[in-house]
Amino acid sequence: MNDINISSTDINLLKVFEALYMEGSASRAAKTLGLTQSTVSSSLRRLRTLYNDRLFVREGKGLAPTTTAHQLKPLIFDALDKIRETLQLVNHNTTCYQNRTIAIGLSDDFEIALADKLIEKLSLDAPYLRPIFRQAYSAIVPDLLQDNVIDVAITSGTGNSRFIRRQLLGKSHYSCIIKHYNTQQSQPLSLEAYLSLDHVLVSSAGYVGIVDNTLARNHLKRHIIASTTHFAALPFFLQQENRIATIPTHAANALEQLNDFTVLACPLELESYPVEAAWRAKDDQSPLIQTVVTSIKSVLESILS
């Protein structure tokens, strides 16, 4: 390994790398850092010399990271976060979250239900922090955390791993959501009526869900007309009469508020499932991670109750 004298390296260049990676544009990076675009371009030239790689190349109207930049990203981001943590130990002024981001992995049912509320909560708990919401589901959360793609996850379970810390935040249940429904009808949705409807399935695999497994145990079956992997698509799938979806209650309630839908109790007894926060074990002492997890817990308690 070549002997490198770090004393001759301008650490501020790493902040430029971070901003370029997050913003994908020299002009946006300059705005984030409070610098001129020419200063950012000059810093990029110095970074290229330092790492002997182009790092960011022109792609469309922006800049895309090279393979080397992708490899450097977790190391540089982690180094900068450690420096910021040392400052937080002696400075409790939360404005030090300025220009910082946090990547939160979650499925879009949680994104629909809590994103707006979490943004508001973080604006109070961690002013100027910018959350980045990234699509994730339980099976891939451990890899996303270990690869530094996300920093915190909201998940229904990650399994056991000594590299990951978990905190139970609550339990979620299931409800039905339908657009064309006679709200004057006083009787709850019966199983017979439920099975007579056309069902839209939301599933990462796209074939069966908890409803189908429960029905199969009772030798019953529903008619699935379509499947989607995204909860956010449901308003477009449920425009026609006789269409229904059975989804987590927190997502059903959020969709009802924004669309002309009715939320109904599911006539099947479906098991609830745990909702957890997960993060890297090495980040246990990170004030930022703990602040974000606490904010997530506070928002979820109001949604899952």
Side-chain angles (χ1 to χ4, degrees), residues 1-85 87 96-108 111 115 119 122 128-137 139-153 163 229-230 232 279-280 282-283 286 288-289 292:
M1 182 176 180
N2 293 331
D3 187 19
I4 298 175
N5 183 6
I6 195 171
S7 64
S8 64
T9 302
D10 184 355
I11 303 301
N12 285 315
L13 293 177
L14 302 185
K15 292 174 62 180
V16 174
F17 177 97
E18 179 186 52
L20 285 169
Y21 195 99
M22 297 305 302
E23 299 294 345
S25 161
S27 60
R28 290 196 297 270
K31 185 176 181 180
T32 296
L33 295 170
L35 302 173
T36 64
Q37 187 170 339
S38 61
T39 300
V40 169
S41 298
S42 175
S43 297
L44 177 55
R45 288 194 293 271
R46 295 169 63 192
L47 279 164
R48 285 168 170 167
T49 299
L50 181 63
Y51 288 108
N52 193 30
D53 187 87
R54 297 183 66 191
L55 296 179
F56 300 94
V57 295
R58 182 66 59 187
E59 185 177 275
K61 295 183 179 180
L63 295 172
T66 64
T67 299
T68 298
H70 282 307
Q71 293 171 340
L72 290 172
K73 181 256 184 183
L75 299 173
I76 291 177
F77 278 41
D78 189 54
L80 290 172
D81 280 343
K82 294 301 181 187
I83 293 172
R84 289 169 178 135
E85 285 175 25
L87 298 175
C96 60
Y97 289 119
Q98 183 107 31
N99 300 330
R100 295 193 64 181
T101 60
I102 185 84
I104 302 172
L106 70 176
S107 53
D108 73 327
E111 193 168 9
I119 290 170
L122 288 174
Y128 305 109
L129 179 70
R130 174 156 59 105
I132 299 173
F133 297 102
R134 291 190 169 142
Q135 286 294 299
Y137 55 92
I140 65 173
V141 159
D143 288 339
L144 294 178
L145 284 169
Q146 292 187 50
D147 292 342
N148 293 285
V149 176
I150 59 175
D151 303 303
V152 177
F163 300 107
T229 58
H230 299 290
W279 63 92
R280 289 178 289 274
K282 69 182 182 68
D283 292 334
S286 167
L288 174 59
I289 295 297
V292 171

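Everything numeric in this text was worked out from a predicted model, so none of it was measured.
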Write down the atom of [X], the atom of [Y], and the distance for their closest heavy-atom approach.
X: Arg48; Y: Leu55; result: N-CD1, 4.1 Å
X: Gly60; Y: Arg58; result: O-CD, 3.7 Å
X: Ile289; Y: Ile102; result: CD1-CD1, 3.8 Å
X: Leu63; Y: Ala26; result: CD1-N, 3.9 Å
X: Tyr21; Y: Ala69; result: CE1-O, 3.9 Å
X: Ala103; Y: Arg134; result: CB-NH1, 3.7 Å

For the [atom1] atom of [X] and the [atom2] atom of [Y], what is their distance to the nearest 0.5 Å?
X: Lys31; Y: Ser25; atom1: NZ; atom2: OG; answer: 10.5 Å
X: Asp10; Y: Asn12; atom1: CG; atom2: CG; answer: 4.5 Å
X: Ile140; Y: Ile150; atom1: CD1; atom2: CD1; answer: 8.0 Å
X: Asn148; Y: Asp151; atom1: CG; atom2: CG; answer: 7.5 Å

Donor-acceptor check, side chain of [X] to backbone of [Y], threshold 3.5 angstrom: yes or no?
X: Asp147; Y: Val149; value: no
X: Arg130; Y: Thr101; value: no
X: Asp53; Y: Thr68; value: no
X: Thr32; Y: Arg28; value: yes

[X] atom [atom1], neighbour heavy-atom count above 12 within 6.0 Å:
X: Lys282; atom1: NZ; answer: yes
X: Asn52; atom1: CG; answer: no
X: Lys73; atom1: NZ; answer: yes

Any side-chain heavy-atom pair from [X] and [Y] closer than 4.5 angstrom?
X: Tyr51; Y: Leu13; answer: no
X: Leu14; Y: Glu18; answer: no
X: Val16; Y: Arg46; answer: no
X: Asp81; Y: Arg100; answer: yes
X: Leu33; Y: Thr39; answer: no

Checklist entry - Between Phe77 and Phe17, what is the ring plane arrangement, given parallel below 30°, perpendicular above 60°, and tilted in between? => result perpendicular
